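All remarks here apply to the structure that follows.
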Amino acid sequence: MAQKQEYKIRLVTKEYLNSDTCYLGFECPGIASSAIPGQFVNISAGTVFLKRPFGIASVDKANGIFYIGVKIVGKGTSEIAKFEPGLTADCLGPLGNGFDFEGYDNIILTGGGTGVFPINFAYETLTSLGKNVTVCEGFRNASQVILNKPGYVLTTDSGDTGIKGTVIAGLDTLEIKDPSNTLVCCVGPIPMMKAVGAWAGEKNMKCLVSMEQRMACGAGICLCCTVKVKDDGPDGFKNVRCCKEGPVFDSREVVW
């Protein structure tokens, strides 16, 4: 795992993907060269006191740039979405454990909402390694579709584009030929990850989920991002820190 560090990052590219979501590229060779899919960064949000966590969406190692997606949902994300190229910010990263693809030749990547950003990083990494990758993405409607590439399985709740229904409707169209050699990775809303984990379990496939908990410090000190995982103790579960022991967990270990 890459060692997290505090960096001063500089915004170099900014693009709006739709009315409330932008794609930002920050210059930081330290993060760009060491991050792995599933890890995240904590970025200072202007006048807002606490940094905000973002899954890494892509890296350009040659130019020392990493990318994140920002959906405006509150004061912190609104502040960061106002950043313009040339602005600098404090950033802690890369954080978390990331996805472990070792031992699998076939990977099914499933993303919903802002979960498609870390899924994009995983897709770029896996295709560069020559893995057999299938991507299934789910959105509320056509206006929310972002980072969707040709060949992806696309679903929308409204049915105005792609397959009508949740990502499960898209996953059900896949032909699974070698479940023991197939890994499912999922990032998105809790109900979606729970459903995808159950779908994978029914087909005897391992599923890794990246939990998107609210965070504060990102360093495992404040304990506000805990996740319940199964345990042999008297309670049957224990609390672990999403930012340190996660954010990626085996779906079978999570107490949903």
Side-chain angles (χ1 to χ4, degrees), residues 1-3 13 17 23 25-26 28-41 54-69 93-112 114-138 145-155 162-163 167-168 170-188 192-193 196-197 199-210 246-252:
M1 184 191 307
Q3 182 67 37
T13 64
L17 302 180
Y23 196 63
F26 291 95
C28 182
I31 292 177
S33 64
S34 61
I36 62 173
Q39 289 188 304
F40 65 98
V41 292
F54 298 94
I56 298 170
S58 181
V59 297
D60 177 352
K61 293 183 179 180
N63 293 299
I65 300 170
F66 75 89
Y67 296 84
I68 64 168
L95 301 170
N97 56 356
F99 289 110
D100 182 4
F101 307 116
E102 189 69 28
Y104 296 92
D105 293 319
N106 309 303
I107 315 291
I108 299 173
L109 301 175
T110 309
T114 56
V116 301
F117 292 114
I119 287 299
N120 182 72
F121 187 15
Y123 174 79
E124 291 179 348
T125 300
L126 290 166
T127 52
S128 71
L129 296 174
K131 298 285 187 179
N132 180 31
V133 186
T134 302
V135 181
C136 182
E137 294 182 339
V145 176
I146 52 177
L147 296 189
N148 189 258
K149 295 184 169 87
Y152 283 12
V153 179
L154 173 64
T155 70
I163 299 169
V167 291
I168 300 300
L171 291 172
D172 281 339
T173 67
L174 304 182
E175 182 181 0
I176 311 299
K177 296 181 179 180
D178 189 4
S180 64
N181 193 26
T182 302
L183 175 68
V184 180
C185 298
C186 183
V187 192
M192 188 196 85
M193 292 192 289
V196 172
W199 176 87
E202 291 171 358
K203 301 184 182 305
N204 298 313
M205 293 183 293
K206 181 177 180 179
C207 177
L208 298 178
V209 295
S210 181
V248 177
F249 297 92
D250 188 323
S251 66
R252 296 167 297 186

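All values derive from a computational prediction rather than experimental measurement.
Residue Y23 comes nearest to A57 through the heavy atom pair CE1-CB, 3.7 Å, listed as atom of the first residue, atom of the second, then distance. Heavy atoms only, all atoms of each residue included: V196 and C207 are closest at CG1-SG, 4.1 Å. The two residues F99 and S210 have their closest heavy-atom pair at CZ-CB, 4.1 Å. Closest approach of K61 to S33, counting heavy atoms only: CE-O, 4.1 Å. Nearest heavy atoms, M205 versus I176: SD-CG2, 3.7 Å. The heavy-atom pair separating N97 from P247 by the smallest distance is OD1-N, 3.3 Å.
You'll find the side chain of I108 stays beyond 4.5 Å of the side chain of L183, heavy atoms only. Residues I163 and L154 form no side-chain contact, since every pair of their non-hydrogen atoms from C-beta on lies 4.5 Å or further apart. Within the 4.5 Å cutoff, the side chain of K206 has heavy atoms near those of the D250 side chain. Proximity of I107 to N132: side-chain heavy atoms (C-beta onward) are nowhere separated by under 4.5 Å. I146 has its side chain within reach of V116: a pair of non-hydrogen atoms, C-beta onward, lies under 4.5 Å apart. In this structure, the side chains of Y104 and T182 stay at 4.5 Å or more apart for every pair of heavy atoms.
Here D172 pairs with I168, W199 under the side-chain contact (heavy atoms from CB on, under 4.5 Å) rule; sequence neighbours left out. In terms of the side-chain hydrogen bond (donor to acceptor under 3.5 Å, both in side chains) criterion, residue partners of K149 (sequence neighbours excluded) are, by chain and number, N120. Residues satisfying the side-chain hydrogen bond (donor to acceptor under 3.5 Å, both in side chains) test with T173, not counting sequence neighbours, are none. Listed by chain and residue number, A62, N63, I65, Y67 satisfy the side-chain contact (heavy atoms from CB on, under 4.5 Å) test with D60 (two or more places apart in sequence, or in another chain). Scored by the salt bridge (charged side-chain N to carboxylate O under 4.0 Å, His left out) test, K131 finds D105 as partners (sequence neighbours excluded). For T114, the side-chain contact (heavy atoms from CB on, under 4.5 Å) partners are K71, F117, E212, not counting sequence neighbours. Not counting sequence neighbours, the partners of T127 by the side-chain contact (heavy atoms from CB on, under 4.5 Å) test are Y123, V133.
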*Give the C-alpha distance, both sets of side-chain angles, the deciding distance and a yes or no for ring pair (Phe, Tyr, Trp, His ring centres under 6.0 Å) between F40 and F54.*
CA-CA 5 Å; F40 65 98; F54 298 94; 9.8 Å; no
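With no hydrogens or angles considered, a side-chain donor-acceptor pair links S180 and D178 at under 3.5 Å.
The salt bridge (Lys or Arg N to Asp or Glu O under 4.0 Å) pairs that include a residue from residues 115-125 number zero, where partners must be two or more places apart or lie in different chains.
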